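Some notes on the structure that comes next.
Just the heavy atoms: all of them, side chains too, but no hydrogens, waters or symmetry mates, feed the values below. Only a predicted model underlies this, so the values are computations on that prediction, with no experimental measurement involved.
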Amino acid sequence: MKALVSREYGPVEDLVITDLPTPVPTAGQILLKVQAAALNPLDVKLSTGEMREHMPVKHPFLLGLDATGIVEAVGPGVTNFAVGDEVVAFTYGAAGALAEYTLANDGPNVVRRPAGLDAVRAAALPVAGMTAHAVLTATAVNPGDSVLVVGATGGVGSFVVQLAAHAGAQVLATAGPSEADYVRGLGAQEIIDYTSGNTAKQALALRPGGVDVVIDLVNAGPGLAATAAAAKPGGRLVSPLGGQPEFDRGVGAIYMGVEGGVGKLQDLVDRAAAGTLEVEVGATHPFSSAVDAVGEFATKHTRGKVVITF
């Protein structure tokens, strides 16, 4: 089979599409013929070595965590799926998704793809949607709470804005001028133009006492202090990227990633199929152009998700 591979840590330009043996599912595994797979920032970080201290990989390393495809074979013990089923899968821990065939572990991170959800939008759901679900759950927002979403136009951010609005929160979201209407359409009540000045100061101008929750999907480590300044005293900052446990004025921090969204993929797929969760795909590329697509993804902001089709 053809697969997108990192042969060693290095720049994304060194990625290659190469031939590898088609994997064989073992006990509790499913083999998928991939229809579409989405790109995530973690793909780039794992392949370049940025995450080697915390998440080292073995080479050759197959990129990709999100896939939708057709079940080609099932391993011993798999009874929930059969050959021919169309499914959506988070493949972490089994195999890379950017290949003609991939493995997925049977369980809550593999669900059937309903007829109302096309393969491209389905592939965009697992990592970004599960992360958004986990982040919003960690915020413990109540109807009427004010929530600042930093990074609202990205893959995770677009889902966070919608889920927060559905929960009854008053959403303030960052966006450039050209994307303001798009973010309002997702459910944001106030738009903060991050290109025109300090995000926290703009948020405080709209909510002088500070917001109840800051969800920062862009910054990590020391960089989070700047956006934590928008939270009210004793408020909360939530991020999937990691940082210090507390900030000035008693603002606490919660760090939650995709692992917190395990078990939520079925809900996300159902919402997307029903039309109550918008899945924004900003770009699609054929698998033959995957190397260039990853390079563009690593250097250029794209609204929503980037999906590779097979």
Side-chain angles (χ1 to χ4, degrees), residues 125 127-175 180 182-192 194 199-220 224-268 270-272 274 276-280 304:
L125 274 169
V127 168
M130 291 165 62
T131 302
H133 211 304
V135 164
L136 191 68
T137 299
T139 65
V141 296
N142 296 307
D145 284 353
S146 53
V147 178
L148 169 62
V149 181
V150 179
T153 61
V156 177
S158 64
F159 292 132
V160 167
V161 171
Q162 293 179 77
L163 294 175
H166 292 167
Q170 300 174 13
V171 180
L172 293 74
T174 61
Y182 162 67
V183 177
R184 283 194 186 93
L186 296 177
Q189 295 181 345
E190 305 279 0
I191 305 301
I192 293 175
Y194 67 89
T199 293
K201 288 183 178 179
Q202 293 184 69
L204 290 170
L206 294 169
R207 298 290 189 278
V211 299
D212 294 295
V213 180
V214 174
I215 299 176
D216 193 329
L217 307 168
V218 175
N219 300 292
L224 289 169
T227 46
K232 69 181 185 181
R236 305 182 297 284
L237 178 140
V238 181
S239 170
L241 301 177
Q244 64 199 70
E246 190 175 17
F247 298 90
D248 293 340
R249 299 170 296 105
V251 175
I254 303 170
Y255 300 104
M256 179 64 68
V258 66
E259 69 282 353
V262 171
K264 303 302 182 182
L265 185 56
Q266 185 69 65
D267 177 56
L268 293 160
D270 290 344
R271 291 188 191 209
T276 58
L277 184 69
E278 180 179 339
V279 182
E280 179 73 8

Item to complete: Not counting sequence neighbours, which residues clear salt bridge (charged side-chain N to carboxylate O under 4.0 Å, His left out) with E278? List them please.
Response: none
Practice prompt. For the residue pair I192 and L206, establish whether any side-chain heavy-atom pair is separated by less than 4.5 Å.
Written response: yes
Discussion item. Checking D270 now: which residues fulfil salt bridge (charged side-chain N to carboxylate O under 4.0 Å, His left out) with it, not counting sequence neighbours?
Written reply: none
Discussion item. Can you give me the closest heavy-atom contact between G243 and L224, atom names plus distance?
Written reply: CA-CD1, 4.2 Å
Item to complete: Specify the closest pair of heavy atoms between F159 and A132, including all atoms of both residues, with the distance to one decimal.
Response: CB-CB, 3.5 Å
Side-chain donor/acceptor pairs under 3.5 Å, residues 163-173, sequence neighbours excluded:
residue, atom, partner, partner atom, Å
H166, ND1, Q162, O, 3.4
Q170, OE1, R207, NH2, 3.0
Q170, NE2, G144, O, 3.4

Worksheet entry | Heavy-atom check, side chain of D145 versus side chain of V213, under 4.5 Å | no
Worksheet item: Is a side-chain N or O of T131 found less than 3.5 angstrom from the main chain of A128, in a donor-acceptor match?
Response: no
Worksheet item: So, for P233 and G209, which heavy atoms are closest and what is the spacing to 0.1 Å?
Response: CD-O, 3.9 Å
Discussion item. Restricting to non-hydrogen atoms, name the atom on V279 and the atom on A272 that form the minimum distance, rounded to 0.1 Å.
Written reply: CG2-CB, 3.9 Å
Without placing hydrogens or testing angles, list every side-chain donor-acceptor pair under 3.5 Å for residues 249-256, not counting sequence neighbours.
residue, atom, partner, partner atom, Å
R249, NH1, A231, O, 2.7
R249, NH2, A228, O, 3.2
R249, NH2, A229, O, 3.3
R249, NH2, A231, O, 3.2
Y255, OH, Q244, N, 3.2
Y255, OH, Q244, O, 2.5

Fill in: salt bridge (charged side-chain N to carboxylate O under 4.0 Å, His left out) partners of R271, counting only residues at least two apart
D267
Side chains of residues 148-158: which donor-acceptor partners sit under 3.5 Å, not counting sequence neighbours?
residue, atom, partner, partner atom, Å
T153, OG1, H301, NE2, 3.2
S158, OG, G154, O, 3.2
S158, OG, G155, O, 3.1

Worksheet item: Stepwise, does the side-chain contact (heavy atoms from CB on, under 4.5 Å) test hold for V218 with T174?
Response: CA-CA 11 Å; V218 175; T174 61; over 6 Å; no
Practice prompt. Just jot down the salt bridge (charged side-chain N to carboxylate O under 4.0 Å, His left out) partners of R184, sequence neighbours excluded, or say none.
Written response: D181
Worksheet item: Quick one: does L217's side chain get under 4.5 Å of V160's, heavy atoms only?
Response: yes
Response to the item:
Taking every heavy atom of A220 against every heavy atom of L241, the minimum-distance pair comes out as CB-CB, 3.7 Å
Worksheet entry | Heavy-atom pair with the smallest gap, counting every atom of D216 and P240 | O-CD, 3.6 Å
Response to the item:
So side-chain hydrogen bond (donor to acceptor under 3.5 Å, both in side chains) across residues 230-242, not counting sequence neighbours, yields D212-K232
